[in-house]
Participant: 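Attaching a single structure in structure tokens format; questions to follow.
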2 protein chains.
Amino acid sequence: MSDHMPPEAGTRRERARADTLREIRATARQVLVASGPDGLALRAIAREMGLSAPALYRYFPSREDLVEQLVADLYDELSDHLEAARDAVVPARPGVQLLAAARAFRHWAITHRVEFGLLFGSAAQGVVPDEAGEGPAELAGRRFGGVFAALMAQIYVEQPFPVPGEDELTPELRRQLQTWCAKLPVALPLGVMSVFLSCWITLYGMVCMEVFGHLRFALDDPEPMFESELRRVARQLGIADAAAPS
Amino acid sequence: MSDHMPPEAGTRRERARADTLREIRATARQVLVASGPDGLALRAIAREMGLSAPALYRYFPSREDLVEQLVADLYDELSDHLEAARDAVVPARPGVQLLAAARAFRHWAITHRVEFGLLFGSAAQGVVPDEAGEGPAELAGRRFGGVFAALMAQIYVEQPFPVPGEDELTPELRRQLQTWCAKLPVALPLGVMSVFLSCWITLYGMVCMEVFGHLRFALDDPEPMFESELRRVARQLGIADAAAPS
DNA sequence: CGGCGTTAGCTAACGCTGTTCACTCACTCT
DNA sequence: AGAGTGAGTGAACAGCGTTAGCTAACGCCG
């Protein structure tokens, strides 16, 4: 008897397994926000689902792997959020889209502090993460970075902004940017890539400092400073006209 | 580190207690680097010192407080490192000193990754740290920030660099900077403070990204990029001439 | 000098953690 | 119908932070 059908499903067992796996990931996420990163215990996840802790080992070889999967899921969720903000911009000018994505990044970060801490706060992946290569988290992280990178490239292609010439970069930096460039699908001037990194560092630094409380020594509400930095970035990208807050 | 010294006052008991307390802090630090932040267990510290775990409760009300003390110690150590680098600059021009301190910051961070993660990651202080006010860690953190702040102020006082006028700041940002300024010993133009924050965000962002591995997607060795960002900061502070790497 | 209060340190214990093992039971396939 | 697979179980182990109750040494004061 072959009922063929839902194209994408395997055997019943495989479907059930996939369902449970999804439920585990969802529950883990929920426990994370409810109990903080330290409260993210296998037993807590299991209890929430009405099964016993060792059962989870049918799905993940260790807690660490489960957390890594969770990190990947969170990166994906964050990427979705950014893309949604980007695509909500009409008309779709990449400059405005970049600013929208940046604001969405900060918004997600401050409304999901615990999750953000897991992604960017060195908690999960060891602080000394030589761990060459792979893992779903690494992959999802690249998708996240790609959202910004693509927008930045698009901005430059549509309307080039001033970038340092290659002769203005130190030879060491040039070499670093070159080896990076070689790994990319499209080739961009090295100066563009240095500007991209510089902007990304500003964005990352600003949001990290806010979420981790390292701006509280100075600012009560970091949003105005964030907007100010965003304007500086926009100026650097020649999209200052797009910077008015929505 | 910044404890005052020789009299070593107090009864014998008090001295013994102070000694043990210092030993605990030193051992904690050592266990931290040896076993990572997760391996920083009370029992491990106690074992290393040849005593039992509950004994530590005579010195700290909880593990969390011990970690906070450790964080304070690390901030102090880092501050010492920065001040040493600053004071090693001859002749003592504040521009050069700032760059020296910035490089020392990065150097300490990448040679003390685990400790850095504890200070600047989301691990130690709760990610949602409303915890108003106090604690030795907060205090030591302010000393650390003060090193940079003082240098920056000195640079401006000696030779003012161009800063945005108050009318170029949004009213919200102006208000934020004003309430911060009110808490400071000396009053500086708001534009200076916004530039300081901007520079500090760059420095923090760059070093955090490197240590937490969020630059590995692009750069193999982030140092050239760090130097490039440092030059940008120097340019902004009118000390570009001081930016040549030592 | 003797006694007493203070206090550093101990062991034992509780409840929690991640993880392993041996087992049961339901489902799937031949 | 029987064999085999695999999800889920409870018990157990080592380790965690923390509390309680005890011991013994120390410092002070009469």
Side-chain angles (χ1 to χ4, degrees), chain A residues 1-6 9-28 30-32 34-71 114 118 123-126, chain B residues 8-28 30-32 34-71 118 123-126:
Chain A
M1 308 257 188
S2 41
D3 32 274
H4 33 20
M5 303 4 168
T11 73
R12 321 171 49 79
R13 251 185 177 160
E14 277 166 345
R15 260 179 294 137
R17 183 181 173 84
D19 277 351
T20 313
L21 215 155
R22 254 191 303 275
E23 189 185 346
I24 292 175
R25 288 152 73 172
T27 311
Q30 167 187 339
V31 170
L32 171 69
S35 319
D38 290 340
L40 189 56
L42 292 186
R43 283 178 164 92
I45 300 171
R47 196 182 315 126
E48 201 74 18
M49 302 177 54
L51 46 82
S52 72
L56 299 177
Y57 282 82
R58 295 275 169 197
Y59 299 88
F60 295 95
S62 77
R63 186 196 113 112
E64 201 180 350
D65 295 82
L66 192 156
V67 171
E68 169 157 1
Q69 183 59 249
L70 178 55
V71 166
V114 192
L118 201 57
Q125 3 261 56
Chain B
E8 202 61 74
T11 74
R12 322 172 45 82
R13 248 183 177 161
E14 275 167 345
R15 259 179 295 137
R17 185 181 172 83
D19 277 351
T20 315
L21 215 155
R22 255 192 301 275
E23 189 185 345
I24 293 175
R25 287 152 72 171
T27 311
Q30 168 187 338
V31 171
L32 170 69
S35 319
D38 290 340
L40 189 56
L42 292 186
R43 283 177 162 93
I45 300 170
R47 197 182 314 126
E48 201 74 17
M49 301 178 54
L51 45 82
S52 72
L56 299 177
Y57 281 81
R58 298 276 169 196
Y59 298 89
F60 295 96
S62 77
R63 186 196 112 112
E64 202 180 350
D65 294 82
L66 193 156
V67 171
E68 169 157 1
Q69 183 59 249
L70 178 56
V71 166
L118 202 57
Q125 3 260 55

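Reminder, nothing fancy here: chain letters follow the sequence lines and each chain counts from 1.
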Participant: Would you give the length of the straight line joining atom CD of B/Glu48 to atom CD1 of B/Ile45, rounded to the nearest 0.5 angstrom?
Facilitator: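 Those atoms lie 9.5 Å apart.
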Participant: Without decimals, in angstroms, what is the distance between B/Ile45 CD1 and D/dT18 C1'?
Facilitator: 14 Å
Participant: Relative to the 5' end of DNA chain D, which residue comes earlier, A/Leu51 or B/Leu42, by the nucleotide with the nearest heavy atom?
Facilitator: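 The 5'-side residue here is A/Leu51.
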Participant: Return the value, rounded to whole Å, for the distance between atom CG of B/Leu21 and atom C1' of C/dG9.
Facilitator: 15 Å
Participant: Check whether any side-chain N or O of B/Arg58 sits under 3.5 Å from a backbone N or O of B/Arg17 as a donor-acceptor pair, and report yes or no.
Facilitator: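 No, because the side chain of B/Arg58 does not come within donor-acceptor range (under 3.5 Å) of the backbone of B/Arg17.
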Participant: To the nearest Å, give me how far apart CG (A/Asp19) and P (D/dA7) are.
Facilitator: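 Value for this atom pair: 13 Å.
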Participant: If you look at every strand shown and take non-hydrogen atoms under 4.0 Å, does A/Arg13 touch a base, only sugar-phosphate, or nothing?
Facilitator: base
Participant: I need the A/Arg25 CZ to A/Phe60 CZ distance, nearest 0.5 Å.
Facilitator: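 Between A/Arg25 CZ and A/Phe60 CZ, I get 6.5 Å after rounding to 0.5 Å.
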Participant: Determine the contact category for A/Leu40: base if any of its heavy atoms lies under 4.0 Å from a base atom, sugar-phosphate if only primed atoms, P, OP1 or OP2 are that close, otherwise nothing.
Facilitator: sugar-phosphate
Participant: Can you measure A/Met49 atom CE to D/dG8 atom P for me and round it to whole angstrom units?
Facilitator: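 Rounding to the nearest Å, CE of A/Met49 and P of D/dG8 are 8 Å apart.
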Participant: Starting at atom CD1 of A/Ile24, determine the distance to atom P of D/dA7, rounded to an integer number of angstrom.
Facilitator: 10 Å
Participant: At under 4.0 Å, does any side-chain N or O of A/Arg12 touch on OP1 or OP2 of C/dT28?
Facilitator: yes
Participant: Enter the distance from B/Ser52:OG to B/Leu42:CG here, rounded to the nearest 0.5 Å.
Facilitator: 11.0 Å
Participant: In Å, rounded to the nearest 0.5 Å, how long is the span from CZ of B/Arg43 to CZ of B/Arg63?
Facilitator: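 Result: 12.5 Å between the selected atoms.
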Participant: Check whether any side-chain N or O of A/Arg17 sits under 4.0 Å from OP1 or OP2 of D/dG8, and answer yes or no.
Facilitator: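 So the side chain of A/Arg17 is outside the cut-off, no N or O lying under 4.0 Å from OP1 or OP2 of D/dG8.
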Participant: Would you kindly give the CG-to-P distance between B/Asp65 and D/dG17, to the nearest whole Å?
Facilitator: 14 Å
Participant: Looking at CD of A/Gln69 and CD1 of A/Ile24, how far apart are the two atoms once the value is rounded to the nearest 0.5 Å?
Facilitator: 10.5 Å
Participant: Nearest 0.5 Å please: distance from the OG1 atom of A/Thr27 over to the CG atom of A/Leu32.
Facilitator: 12.0 Å
Participant: Check this one for me: any side-chain N or O of B/Ser52 less than 4.0 Å away from OP1 or OP2 of C/dC10?
Facilitator: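 So the side-chain polar atoms of B/Ser52 do come within 4.0 Å of the phosphate oxygens OP1 or OP2 of C/dC10, strictly under.
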Participant: Has the side chain of B/Arg43 got a donor or acceptor atom sitting under 3.5 Å from an opposite partner on the base of D/dG17?
Facilitator: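 In this structure, the two groups form a donor-acceptor pair.
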Participant: Could you list by number each residue of residues 54-63 of chain A showing a heavy-atom separation from DNA chain D of less than 4.0 Å, or answer none if no residue does?
Facilitator: A/Pro54, A/Ala55, A/Arg58, A/Tyr59
Participant: How close or far is atom P of D/dC26 from atom CZ of B/Arg15, stated in whole angstroms?
Facilitator: 14 Å
